[in-house]
K.L.:
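Below is the structure I would like to discuss, written out as structure tokens.
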Number of protein chains: 2
Amino acid sequence: MVRAGLSTERLVLAGAELADEAGFDQVTVSALARRFDVKVASLYSHLKSSRDLKTRIALLALEELADRAAEALAGRAGKDALRAFADAYRDYAREHPGRYQAARFRLDPETAAASAGGRHAQMTRAILRGYDLTEPEQTHAVRMLGSVFHGYVDLEAAGGFSHSAPDSQESWTRILDALDALLRAWPAP
Amino acid sequence: MVRAGLSTERLVLAGAELADEAGFDQVTVSALARRFDVKVASLYSHLKSSRDLKTRIALLALEELADRAAEALAGRAGKDALRAFADAYRDYAREHPGRYQAARFRLDPETAAASAGGRHAQMTRAILRGYDLTEPEQTHAVRMLGSVFHGYVDLEAAGGFSHSAPDSQESWTRILDALDALLRAWPAP
DNA sequence: GTGTATGCCTAATATGCTTAGGCAAGTGCC
DNA sequence: GGCACTTGCCTAAGCATATTAGGCATACAC
């Protein structure tokens, strides 16, 4: 019997691909076993559980997303940085819908703390260096930007903006314009 | 054998309660059957499927949410309306986390079209009457507000703002202030 | 009171998750 | 090359959920 050559990394990667193809909720150990033409139980040498698999895919997605955002941010500032960062986010979600869903998977607190989640907040804060905000207003702004990006991408993925004018791309552009204007004229408390 | 007195409405309502107590993903026909001390198969006279159950809970939540938002909006305008509407949204999500999750359940297009989803967009548009935006800027603003509200509530529910200063309530207030300022000074295209 | 509709049941099938224990393919040592 | 040992994948079995088919008894209509 030829061995399939399973490993945790290969399984997680295949799981991420499966998520993008069929949706994160279709990611099951059974589906993964079928994909490798292997019996389900065989995966349990490499994965602790179904939840373990999902957690690892989520961590992968968070990492990839942070990498992309970091690359987008490099060498940019102000509105340019804002746009590049936001686009990195949105593009990732459009190219990898399943992975993006995975990134929204509820991790347990300690896993979340060790994840790339912190980098995301850090980068959002970096964008704000191009604007003139004091603490704690900066934190409020970080939270607002995170909300808009996540909320928009999520609603767009849900098809919220698909069958109506104007184009989603146009709204996205205008919203980023508006956010830039807002950050430049952030109201005093 | 005493009959349990099942009905679609009772099941949906119990499902919504179960969602709030244990999370929307814990809502299963099996769990619901246990709750009524009845065999699982018995539910299938009242529900087409597990997905049917979830869909109905989602529609209930969308309806309740729209009702609350409408009540909040009544007799208000401008920033006052913005705050009341946003708070209705956030409060509902905090009081009924499972129902709120349900409201985010991906409905098939035709069900979505017949849902209370349209009322939500309509009300958001009504808020904007208090500001001076032309079409299509108004649509962009509707989408932005939807994104912020949904995004913030979602991140808050995920615990994103819980273990860090400043207080989530404070950020929420400041973000609404900022949105009001933005809508009053919406940048030209 | 009898007839009938219907509410809940038993039974059976399918999919998915998980653990326990076995065999054989690969690895290291002589 | 032959040996022991590790380990990768297997069979087997148990448990939960979803769903359908068909049965019996309760509740209501007349």
Side-chain angles (χ1 to χ4, degrees), chain A residues 1-60 98-99 101-102 104-108 111, chain B residues 1-60 98-99 101-102 104-108 111:
Chain A
M1 186 155 305
V2 180
R3 296 195 174 182
L6 304 181
S7 73
T8 305
E9 299 87 83
R10 286 193 65 196
L11 288 172
V12 171
L13 214 53
E17 281 162 21
L18 178 58
D20 285 336
E21 290 163 20
F24 187 58
D25 45 322
Q26 296 301 308
V27 174
T28 66
V29 280
S30 301
L32 212 49
R34 276 193 294 276
R35 185 167 271 235
F36 282 92
D37 200 23
V38 136
K39 298 298 170 184
V40 186
S42 306
L43 303 195
Y44 281 80
S45 323
H46 308 280
L47 301 169
K48 282 216 298 281
S49 65
S50 177
R51 183 174 176 81
D52 180 41
L53 168 64
K54 288 177 187 152
T55 299
R56 287 173 188 275
I57 297 174
L59 292 174
L60 171 70
R99 280 165 154 99
Q101 266 185 281
R104 311 274 342 120
F105 183 66
R106 199 68 68 85
L107 302 171
D108 53 287
T111 309
Chain B
M1 186 154 305
V2 180
R3 296 196 175 180
L6 303 182
S7 73
T8 305
E9 298 87 81
R10 284 193 65 195
L11 288 172
V12 171
L13 214 54
E17 281 161 23
L18 178 58
D20 285 336
E21 290 163 20
F24 186 58
D25 45 322
Q26 297 301 308
V27 174
T28 66
V29 280
S30 302
L32 211 48
R34 277 193 293 276
R35 185 167 271 235
F36 281 93
D37 200 22
V38 135
K39 297 298 169 184
V40 185
S42 306
L43 303 194
Y44 282 81
S45 322
H46 307 280
L47 301 169
K48 279 216 300 284
S49 66
S50 177
R51 182 174 176 80
D52 180 41
L53 169 64
K54 287 176 188 153
T55 299
R56 286 174 189 275
I57 297 174
L59 291 174
L60 170 70
R99 280 164 153 101
Q101 266 185 282
R104 310 274 341 121
F105 182 65
R106 198 69 67 83
L107 302 171
D108 54 288
T111 309

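Bear in mind the structure is a predicted one, so any value in this text is a computation, not a measurement. Note on naming: letters A, B, ... go to the chains in the order of the sequence lines (proteins, then strands), and numbering restarts at 1 for each one. Atoms considered below: every heavy atom in the structure, side chains included; atoms not considered: hydrogens, waters and symmetry mates.
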K.L.:
What integer distance in Å separates B:Leu6:CG from C:dC9:C1'?
P.N.:
12 Å
K.L.:
Please report the distance, rounded to the nearest Å, between CG in A:Leu11 and C1' in D:dC9.
P.N.:
12 Å
K.L.:
Please report, rounded to the nearest Å, how far the C1' atom of C:dG16 is from the CD atom of A:Gln26.
P.N.:
12 Å
K.L.:
Which residue pairs pass the ring-ring contact (aromatic ring centres under 6.0 Å, His included) test with at least one member in residues 10-35 of chain B, sequence neighbours excluded?
P.N.:
B:Phe24-B:Phe105
K.L.:
Pairs under 3.5 angstrom only: tabulate donor-acceptor contacts from the side chains of residues 38-48 of chain A to other protein residues two or more places apart or in another chain.
P.N.:
residue, atom, partner, partner atom, Å
A:Ser42, OG, A:Lys39, O, 3.2
A:Ser45, OG, A:Ser42, O, 3.4

K.L.:
Does A:Asp25 have any side-chain hydrogen bond (donor to acceptor under 3.5 Å, both in side chains) partners at least two apart in sequence or in another chain, and if so, which?
P.N.:
none
K.L.:
Is any side-chain N or O of A:His46 closer than 4.0 Å to OP1 or OP2 of D:dC9?
P.N.:
yes
K.L.:
Using every non-hydrogen atom in the two residues, find where A:Val27 and A:Gly15 come nearest and quote the distance to one decimal.
P.N.:
CG2-O, 3.6 Å
K.L.:
Determine: side-chain N/O of A:Ser45 to OP1/OP2 of D:dC9, distance under 4.0 Å, yes or no.
P.N.:
no
K.L.:
Quick one: stems for DNA chain C, with Watson-Crick or G-U pairs under 3.5 Å, at least three in a row?
P.N.:
C:1-30 with D:1-30
K.L.:
Once side chain to side chain contact (heavy atoms under 4.5 Å, CB included) is applied, do any residues pair with A:Arg106, and if so which ones, sequence neighbours excluded?
P.N.:
B:Ala158
K.L.:
Could you state the NZ-C1' distance from A:Lys39 to C:dT15, rounded to the nearest angstrom?
P.N.:
14 Å
K.L.:
Given side chains that start at C-beta, do those of A:Leu11 and A:Val29 come closer than 4.5 Å, heavy atoms only?
P.N.:
no
K.L.:
What is the distance, to the nearest angstrom, from the CG atom on A:Leu32 to the C1' atom on C:dT15?
P.N.:
16 Å
K.L.:
Whole angstrom is fine here: how far is it from CG in A:Leu53 over to P in C:dG16?
P.N.:
14 Å
K.L.:
For the pair made of CD in A:Glu9 and P in D:dG8, what is the distance, rounded to whole Å?
P.N.:
12 Å
K.L.:
Taking side-chain hydrogen bond (donor to acceptor under 3.5 Å, both in side chains) as the definition, give me every residue that meets it alongside B:Arg35, ordered by chain and number, with sequence neighbours left out.
P.N.:
B:Glu21
K.L.:
Can you sort out the partners of B:Glu9 under side-chain hydrogen bond (donor to acceptor under 3.5 Å, both in side chains), two or more places apart, ordered by chain and number?
P.N.:
none
K.L.:
Considering residues at least two apart in sequence or located in another chain, which fulfil the side-chain hydrogen bond (donor to acceptor under 3.5 Å, both in side chains) criterion with A:Arg51?
P.N.:
none
K.L.:
In B/S/- notation, 5' to 3', how is nucleotides 12-24 of chain D contacted by protein heavy atoms closer than 4.0 Å?
P.N.:
-----SSBB----
K.L.:
Whole angstroms only, please: what is the CG-P distance between A:Leu43 and D:dT7?
P.N.:
19 Å
